[in-house]
2 protein chains.
Amino acid sequence: MTVSRVINDQPTVSQVTRQRVLAAMTELGYRPNVAARALVTGRTRTLGVVSIDTTLYGPASMLLAIERAARDIGYAISIASLPSVDRRSFGEAFEALMAQAVEGIIAITPHTSTTTALRHAPKDIPVVAVEGGRAPVPTVAVDQRLGARIATEHLLSLGHATVGHIAGPSDWHEAQERERGWHDALTDAEREIPELVRGDWSPRSGYEAARKLIGRPELTAIFVANDQMAIGALRALSEAAIAVPERVSIVGFDDIPEAEFFTPPLTTLRQEFGEVGRQSLALLMEQVEGAPRSRRRIVIPPELIVRESTRAPY
Amino acid sequence: MTVSRVINDQPTVSQVTRQRVLAAMTELGYRPNVAARALVTGRTRTLGVVSIDTTLYGPASMLLAIERAARDIGYAISIASLPSVDRRSFGEAFEALMAQAVEGIIAITPHTSTTTALRHAPKDIPVVAVEGGRAPVPTVAVDQRLGARIATEHLLSLGHATVGHIAGPSDWHEAQERERGWHDALTDAEREIPELVRGDWSPRSGYEAARKLIGRPELTAIFVANDQMAIGALRALSEAAIAVPERVSIVGFDDIPEAEFFTPPLTTLRQEFGEVGRQSLALLMEQVEGAPRSRRRIVIPPELIVRESTRAPY
DNA sequence: AACTCGCCTGTTCACGTTAACAGGCATGCT
DNA sequence: AGCATGCCTGTTAACGTGAACAGGCGAGTT
């Protein structure tokens, strides 16, 4: 019992005893048994993160920020990834974390389908969604719509008549929001709204989408929904000998570390993934500490980074 | 007790009772208490992964593969990242995982300093190193030296007189090995060995390194130690109006998803990160199941992917 | 009928920790 | 002296599970 008091920094232990206990602990290589502690306190001091493909820059950055912030406050992070993006897969990942008795779960699940799954998730555990659209749980998200509007307005302000769009997959909230923001900006400026082309976030899909847009030479500016597709688009334009930014301006989204070194360096919208991760943890901890599940929504604005892929039309 | 038997699939329970128990379990929403189980069995069915910056493509891919394979065999994955690359930081991350009573740890720690740290890690827990150089624990690694040799020989076989090298940071095993492979190939072919330039893996450092190499116009081929630096190098060459591959050939390393869409598409060495992750888990599980800590080393060969950034010198 | 055997179910206890309570002892007050 | 008080340390029980053992009961054997 006295050992327990020393470990938990309780004041009712004399200095002498405390020192003796600590000495014995180091001597014996004693380590408190987390299982026994969890059994009696009912708290595991572990949080779960369920996420889609963590090789993507965004999710990976958030996960990293979450883990660091969690360790600082004495929590461990357990992960569960989604092999495929559907409700069942989400349910299994969620269940795997529940089975470990995590005290709360952060869901990095930017799909409409996983948001639906979140609606059916157990209500007796703290949950926070990241980029979770209109999920019935507290949410942290970057203001995608605003970012897309900024991107589009940046291109319009340079003098482009209108702006094309290579969109992300339609079952992603981020893709939907960026599409809306682009649409908003063009509508507000009373410009023609070109038909959009849809990709799947991959460089390859950006490449293919751009090849389709090459057939419309009147288009002098394209807002690409993420940087990876933008690199594919740059490739396609380069192959078609269409100079960027001389003949076509390009704006991306994300500001991945490579973006600055594309040919040409990419104008894009920076998302503070680390901040998103930290905020989501803070929001989760509120619930873990006892606050009721709210529908609070923290929105983080993106930032336009102007580089060399945009300029006035020729 | 009978419930315990049903949960653990023991055969000595009648069909009728089993069904009744299962029915009651679903009705009550019963979930076994992992803490109690861990307390009595002494096993947590949790593994730890300590890793440097998991936003890098390689570590992220391995982590993902490890998590999937682990969940398949009923193990949870807890993560601990290194805020900085030194022994203390490694020790803290390792200790955080130990404190959670993980049954084994995979260390994705490609630095010489963390390998040193591994030497002083507790011996009473299963450990596997990934890219851990000559760590005193079982190791899984890609044959970096072979890959670098293949890259260099590919360039020599195209007719280049010699091959320059933009190396990675000297405290990384991978950088050292790639440098050796490059050196080996040039030595074997009896070619002049140009002075290398060192970067830090980032696109920016590749950019700066390439700018230095521009001062040596006789160099017609460069082996860049990773794809991110390669994109920076391509950028620098593009700015200097040095055509790739017409005037200079470039080979990268990693085959990140973007590599195919660089300008020009990058010839590079593909590392099967997923395979590395799975193998490291398998090796760890051997120890967890009771095998003694060996110094077994699993080496996975990289694969040359020829694209458009290499050709014969002009 | 008495016994053995196999099949199934139940009982007891231990795992390591912490909450709650008990109690020893020195100090200071009446 | 007697007593209350505060400070510290010790005791007991409980958390939920599974190992080990106990035992009931029906079927088959002698």
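All chains are named by letter (A, B, ...) in the order of the sequence lines, taking the proteins before the strands, and each is independently numbered beginning at 1.
A side-chain hydrogen bond (donor to acceptor under 3.5 Å, both in side chains) check over residues 20-42 of chain B, counting only residues at least two apart or in different chains, returns the pairs A:Glu95-B:Arg31.
By the salt bridge (charged side-chain N to carboxylate O under 4.0 Å, His left out) test, A:Glu131 pairs with no residue at all, sequence neighbours left out. With sequence neighbours excluded, no residue satisfies side chain to side chain donor-acceptor pair (under 3.5 Å) with B:Arg297. Applying the salt bridge (charged side-chain N to carboxylate O under 4.0 Å, His left out) criterion to A:Asp255, with sequence neighbours excluded, gives A:Arg270, A:Arg307. Every residue meeting the side chain to side chain donor-acceptor pair (under 3.5 Å) condition with A:Glu177, not counting sequence neighbours, appears here in chain and number order: A:Arg180.
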task: Verify ring pair (Phe, Tyr, Trp, His ring centres under 6.0 Å) between B:Tyr57 and B:Phe273, making sure each step is shown before the conclusion.
output: CA-CA 9 Å; B:Tyr57 179 67; B:Phe273 292 116; 5.8 Å; yes
Per-nucleotide protein contact along nucleotides 15-26 of chain C, 5' to 3', at a 4.0 Å heavy-atom cut-off (B base, S sugar-phosphate only, - neither), is BBBBBB------
What pairs of donor and acceptor atoms, side-chain ones from residues 101-113 of chain A against any protein atom, are under 3.5 angstrom apart with sequence neighbours left out?
from, atom 1, to, atom 2, distance (Å)
A:Glu103, OE1, A:Arg43, NE, 3.2
A:Glu103, OE1, A:Arg43, NH2, 2.9
A:Glu103, OE1, A:Tyr75, OH, 3.1
A:Glu103, OE2, A:Thr44, N, 3.0
A:Glu103, OE2, A:Arg45, N, 2.5
A:His111, NE2, A:Trp172, NE1, 2.8
A:Thr112, OG1, A:Asp171, O, 3.3

Side-chain atoms of residues 118-125 of chain A: list all donor-acceptor pairs with protein atoms under 3.5 Å, sequence neighbours left out, distances to 0.1 Å.
from, atom 1, to, atom 2, distance (Å)
A:His120, ND1, A:Thr116, O, 3.0
A:Lys123, NZ, A:Arg119, O, 3.3

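For the segment residues 94-104 of chain B, the set of residues with a heavy atom within less than 4.0 Å of an atom of DNA chain D is empty.
What separates CZ of A:Arg43 from C1' of D:dC15 is a distance of 16 Å, to the nearest Å.
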